[in-house]
Amino acid sequence: TDGLNYSNNGKTLVTSGGCLQTSGAKEIGATILPDGKELPDEGVVYISFLMQQPQKNLNRPFSGVLLYNGEYREQLFAGELSQVDSYGSRYAEGNIEDAYAIPSDDKPHLFVIRIDRTRLVTDVFVDPSLAGSEADAKAQKRYQNAPSFDRIQLRSGSDSGEFSVRFDEIRVGLDWQSVLPTQP
C-alpha cells in the first residue's frame, strides 16, 4: 500500500501511492501489454519507473524493467545488473551488460528510457534532474538502435534465492514531461 517517493534538485516526482512488489522468483514478473495502436511506429516513446531494492545479501541479484518482443525475446533491460553490483542496461538478449558505475543500494531510483524510432537511438537515464529539461539530461547509455517490443515486464531474482523489489510510477508517454510530472 505504500508507494515510493522520489525527489531531487528541489522537485518531487508526482506519485499516487501504492506500488508493485515482485515475488522475487527470477522467472516470474508482472507484465504490461500495451495495445499496438497506443504507441507510434515513428517518433519518440518514453518509459519511466521508480525502483527500490532491499539490502542485498544474495548471490548475483537482478531487478529491472525488460522490453520483450514475443514471448521471450528480450530487446532491452534496464535496472540492477546481475554480473556487477551496479545499475545498468543491456540491449537485446546477451551477456554484454553496460554498467553505469552507479552502485546499487536500497534507495528509490528513477529510470527513464527514451526510444527514438525515427532516429533509431535509445537512451537510458538514471536519476535525471527533475529541475532541468530533457535537453539538460545526460544519458548513462545510448544504443544505436530502437527496440521493437510488445510487452513490458518487471522482474527480479537471484541465483541464491528470492529477491523481492518494489516498482512504482511506471509510465509510458510521448514526451519527457508526461513521464516525469513534478511538484515543487
Side-chain angles (χ1 to χ4, degrees), residues 1-22 29-53 63-69 75-80 87-91 98 100-102 104-105 107-155 165-184:
T1 58
D2 292 330
L4 300 178
N5 295 308
Y6 182 82
S7 297
N8 76 21
N9 294 324
K11 297 272 188 170
T12 301
L13 188 71
V14 173
T15 57
S16 59
C19 67
L20 296 171
Q21 184 165 331
T22 59
T31 303
I32 300 165
L33 298 169
D35 185 305
K37 298 174 185 159
E38 291 179 309
L39 301 176
D41 292 333
E42 293 183 1
V44 182
V45 174
Y46 297 81
I47 300 169
S48 71
F49 62 95
L50 289 173
M51 182 176 81
Q52 181 181 26
Q53 303 181 120
S63 61
V65 165
L66 297 102
L67 303 182
Y68 282 102
N69 193 14
Q75 300 299 300
L76 181 71
F77 168 85
E80 156 76 20
Y87 295 110
S89 59
R90 118 181 118 234
Y91 192 87
D98 298 301
Y100 299 158
I102 302 171
S104 56
D105 57 23
K107 308 278 186 278
H109 288 276
L110 174 62
F111 290 79
V112 180
I113 302 167
R114 178 178 57 204
I115 301 167
D116 188 329
R117 293 179 168 175
T118 303
R119 294 177 36 225
L120 297 177
V121 295
T122 300
D123 295 317
V124 182
F125 303 84
V126 180
D127 297 331
S129 172
L130 295 177
S133 68
E134 179 180 2
D136 299 329
K138 182 174 178 347
Q140 262 63 43
K141 181 65 180 177
R142 170 167 275 186
Y143 295 101
Q144 298 297 322
N145 209 338
S148 176
F149 63 96
D150 61 7
R151 66 195 68 220
I152 302 167
Q153 193 169 81
L154 315 171
R155 286 188 24 219
V165 173
R166 296 170 58 186
F167 292 90
D168 202 357
E169 303 305 326
I170 301 134
R171 295 181 170 109
V172 179
L174 300 180
D175 61 40
W176 186 261
Q177 293 76 23
S178 67
V179 298
L180 297 178
T182 60
Q183 58 193 19

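Every value quoted in this text rests on a predicted model; they were computed, and no experiment measured them.
- Asn145 meets the side-chain contact (heavy atoms from CB on, under 4.5 Å) test with Tyr91; sequence neighbours excluded.
- We find the CG-CD distance between Asp105 and Glu80 to be 9.5 Å, quoted to the nearest 0.5 Å.
- Among residues two or more places apart in sequence or in another chain, the ring pair (Phe, Tyr, Trp, His ring centres under 6.0 Å) test is passed with Phe49 by Phe111.
- With sequence neighbours excluded, the residues forming a salt bridge (charged side-chain N to carboxylate O under 4.0 Å, His left out) with Asp98 are Lys141, listed by chain and number.
- Contacts classified as salt bridge (Lys or Arg N to Asp or Glu O under 4.0 Å) and involving residues 170-184 (residues at least two apart or in different chains) are given here: Glu169-Arg171.
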Under the criterion side chain to side chain donor-acceptor pair (under 3.5 Å), I'd like the reasoning laid out for Thr31 against Tyr68: C-alpha separation, chi angles, the key distance, then a yes or no.
CA-CA 10 Å; Thr31 303; Tyr68 282 102; over 6 Å; no
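- For Ser148, the side-chain contact (heavy atoms from CB on, under 4.5 Å) partners two or more places apart in sequence, or in a different chain, are Asn69.
- Listed by chain and residue number, nothing satisfies the side-chain hydrogen bond (donor to acceptor under 3.5 Å, both in side chains) test with Gln140 (two or more places apart in sequence, or in another chain).
- A donor-acceptor pair under 3.5 Å is absent between the side-chain atoms of Asn9 and the main chain of Ala131, judged by distance alone.
- Between the side chain of Arg166 and the backbone N or O of Asp2 there is at least one donor-acceptor pair closer than 3.5 Å.
- With sequence neighbours left out, the side-chain hydrogen bond (donor to acceptor under 3.5 Å, both in side chains) criterion links Arg151 to no other residue.
- Among residues two or more places apart in sequence or in another chain, the side-chain hydrogen bond (donor to acceptor under 3.5 Å, both in side chains) test is passed with Ser7 by Thr12.
- The side-chain contact (heavy atoms from CB on, under 4.5 Å) check on Leu39 picks up Pro34, Val45, Arg117, Phe149, Val172, with sequence neighbours excluded.
- Residues Met51 and His109 fail the side-chain proximity criterion, which asks for heavy atoms closer than 4.5 Å.
- With sequence neighbours left out, the salt bridge (charged side-chain N to carboxylate O under 4.0 Å, His left out) criterion links Asp116 to Arg119.
- Partners of Asn5 according to the side-chain hydrogen bond (donor to acceptor under 3.5 Å, both in side chains) rule, which considers only residues two or more places apart in sequence or in another chain, are Thr15.
- Atom CG of Leu180 and atom NZ of Lys11 lie 12.0 Å apart (nearest 0.5 Å).
- Under the side-chain hydrogen bond (donor to acceptor under 3.5 Å, both in side chains) criterion, the residue pairs touching residues 34-49 are Tyr46-Glu134, with sequence neighbours excluded.
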